[in-house]
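To keep things clear, I will list the structure first and then write my remarks on it.
In listed order, ligands and their atoms are each counted from 1.
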Amino acid sequence: MQRNILITGGAGFIGSHLVRHFVRKYPEYRIVNYDKLTYAGNLENLKDVENEPNYVFVKGDICDEAALAAVFAKYDIDGVIHLAAESHVDRSITDPLAFARTNVLGTLALLQAAKTAWKGEYEGKRFYHVSTDEVYGALGFDGSLFTEKTPYAPHSPYSASKASSDHFVRAFHDTYGFPCVVSNCSNNYGPYQFPEKLIPLFVNNIRHSKPLPVYGKGENVRDWLYVGDHCKAIDLIFHKGVSGETYNIGGNNEWSNIDLIRLMIRITDEELGRPSGTSDSLITFVKDRAGHDLRYAIDSSKLQRELGWKPEMPFERGIRETVRWYLDNGSWLDNVTSGAYIEYYEKMYSGR
Ligand code: NAD
Ligand code: DAU
């Protein structure tokens, strides 16, 4: 079946994996990647699919209502998978307004654009909002998990903005019968993640023998999922999820930060051919993140039971392959940390 799918934020970390997955798996679909190319968006991430006949890139802001209307009309969009967002918690602490603009107002502008373009004819249409487990707040060390029924309790400006966007999506469903699904996923890891996030930042620092800033005591727990498994879940939910429903996605793979950091140090030293323990002394305990959520852990049994998804990548293999990828792609890391790609793509798209 021919479909025209708008993927927002497709030049970012998860978005670029998702665009590649859809472009390759569904040659009969046209995939329109709509991305503002902020510091986190990098078209280098999609070099291997940029010339595919079913792929189109449009540089644009999800807050720009006129640009969105033009894209919906030009490409006859019938499906949206919305990932564009400001995504880094630490940045949200210093610049919360940027998160409200993109994550809240941008999501609302995108919902409005789809609603206007689809004119109430929702047969065959779908709006998929990709969200985070951080909307549920923080768990204690008591073994409980986030389910789809866990009440929202965001703590950071990032998670508050994502929570707000989730509410707008559901409000469109309840008010207008708008065809939408939401998923809330745990921490992703894999290639092409911007090196401000824990795993790529630390691999890059170990590579350069720079300090590894561990927030607080390093006791916070995250539930890590390989990005490819997230993309397979999104594919399933996009095609088979029930309109109006929410699906939790998680790795069933909890790690305290300090244990994960020690594992990364061991693997990175091994892969660099350094003697065991070389980088242990890089661990540097620093002031804790403000409002730092203690533990996230997802119960994804609804998705497993109803749609047959399960995480496939074993963590030991996924993390080693991820470390290897960053070490093999040092020029990608150098390019994004220097910001050189921003200037390059700004020049390429200026005047268009
Ligand atoms: P990212 O920061 O790597 O990428 C975000 C992308 O959105 C970039 O390409 C950026 O250029 C684009 N973008 C930002 N503002 C935009 C705007 N105003 N208009 C158009 N494009 C814009 O993010 P990510 O880690 O890939 O996360 C993608 C989505 O998945 C986000 O919505 C995030 O909340 C959600 N999520 C992420 C994780 C995770 O672990 N990374 C887990 C669960 C959910
Ligand atoms: O849970 C899903 C979320 O995971 C996504 O919605 C977010 O977009 C994504 O950024 C991620 O949020 P976290 O805050 O969990 O990820 P981050 O990589 O920033 O941090 C992971 C943990 O490591 C967290 O407990 C903070 C800690 N940390 C992070 C950095 C960058 C450190 O100790 N030192 C650091 O330098």
Query raised in the report: Are Y349 and F57 close enough that their ring centers fall under 6.0 Å?
Result: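 Ring centres of F57 and Y349 closer than 6.0 Å.
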
Query raised in the report: Would H88 and F194 count as a close aromatic pair, with their ring centres under 6.0 Å?
Result: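 Ring-ring flag for H88/F194: false, centres at least 6.0 Å apart.
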
Considering heavy atoms of the protein only, find what lies nearest to [atom] and give residue, atom and distance to 0.1 Å.
atom	value
atom 31 (C) of ligand 1	L83 O, 3.2 Å
atom 21 (N) of ligand 1	K36 N, 3.1 Å
atom 32 (O) of ligand 1	K162 NZ, 2.6 Å
atom 19 (N) of ligand 1	I62 N, 2.9 Å
atom 36 (N) of ligand 1	I14 CD1, 4.0 Å
atom 23 (O) of ligand 1	S87 OG, 3.3 Å
atom 18 (N) of ligand 1	D61 OD1, 2.9 Å
atom 25 (O) of ligand 1	F13 CD2, 3.8 Å

Which one holds for [X] and ligand 1: side chain close, backbone close, both close, or neither close, with close meaning a heavy atom under 4.0 Å?
X	result
Y296	neither
T8	neither
T102	side chain

So if I count the atoms of ligand 1 from 1 in the order they appear, which ones are less than 4.0 Å from some heavy atom of [X]?
X	answer
G12	3 (O), 4 (O), 8 (C), 9 (O)
Y158	33 (C), 34 (O)
N187	40 (O)
S131	43 (C), 44 (C)
G60	19 (N), 20 (C)
V130	30 (O), 32 (O)
C185	42 (C), 43 (C)

Requested in this report: Establish, yes or no, whether the cationic atom of K115 lies under 6.0 Å from the six-membered ring centre of Y176 and within 45° of the ring axis.
Outcome: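 Yes, a cation-pi geometry holds between K115 and Y176.
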
Query raised in the report: Is the cationic atom of R91 (NZ for Lys, CZ for Arg) positioned less than 6.0 Å from the six-membered ring centroid of Y39 and within 45 degrees of its normal?
Result: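 Yes, R91 sits over the ring of Y39.
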
**Report entry** Result of checking F202, W255, Y226, F13 against Y189 for ring pair (Phe, Tyr, Trp, His ring centres under 6.0 Å)
**Finding:**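 Among F202, W255, Y226, F13, the one that satisfies the ring pair (Phe, Tyr, Trp, His ring centres under 6.0 Å) with Y189 is Y226.
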
Query raised in the report: With a 4.0 Å cut-off on heavy atoms, does S186 reach ligand 1?
Result: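 The answer is yes, since S186 has a heavy atom less than 4.0 Å from ligand 1.
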
Query raised in the report: Taking the non-hydrogen atoms of Y189, is any one of them nearer than 4.0 angstrom to ligand 1?
Result: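 Judged by the 4.0 Å heavy-atom criterion, Y189 does not count as contacting ligand 1.
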
**Report entry** SB check D299 K149 (cutoff 4.0 Å)
**Finding:**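 Here D299 does not pair with K149 in a salt bridge, since their nearest N and O are not under 4.0 Å apart.
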
Query raised in the report: Does R266 come within less than 4.0 Å of E270, counting only side-chain N to carboxylate O?
Result: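 A salt bridge links R266 with E270.
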
Query raised in the report: So, do Y326 and I206 sit near enough that their side-chain heavy atoms are less than 4.5 Å apart?
Result: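 Side-chain contact under 4.5 Å: no.
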
Would you say the side-chain atoms of [X] pair up with the backbone N or O of [Y], donor to acceptor, closer than 3.5 Å?
X	Y	value
N103	Y158	no
N45	A11	yes
N204	P200	no
D293	E134	no

Report task. Please work out which of D35, D64, V227 has its closest non-hydrogen atom nearest to atom 12 (C) of ligand 1. Result ->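 Checking each option, the heavy atom nearest atom 12 (C) of ligand 1 is found in D35.
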
Report task. Return the option from L18, L198, T38 holding the heavy atom at the smallest distance from atom 13 (N) of ligand 1. Result ->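 Minimum heavy-atom distance to atom 13 (N) of ligand 1 goes to T38.
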
Query raised in the report: When D235 is tested against each of R24, K25, R20, K240 for salt bridge (charged side-chain N to carboxylate O under 4.0 Å, His left out), which residue passes?
Result: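 That would be K25; it is the only one of R24, K25, R20, K240 passing the salt bridge (charged side-chain N to carboxylate O under 4.0 Å, His left out) with D235.
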
Query raised in the report: When you look for protein heavy atoms under 4.0 Å from ligand 2, which residues do they belong to?
Result: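 Only S87, H88, V89, T132, D133, E134, Y158, C185, S186, N187, E196, K197, L198, L201, F202, P213, V214, Y215, N220, R222, N257, R289, H292, Y296 have heavy atoms that fall under 4.0 Å of ligand 2, ordered by chain and number.
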
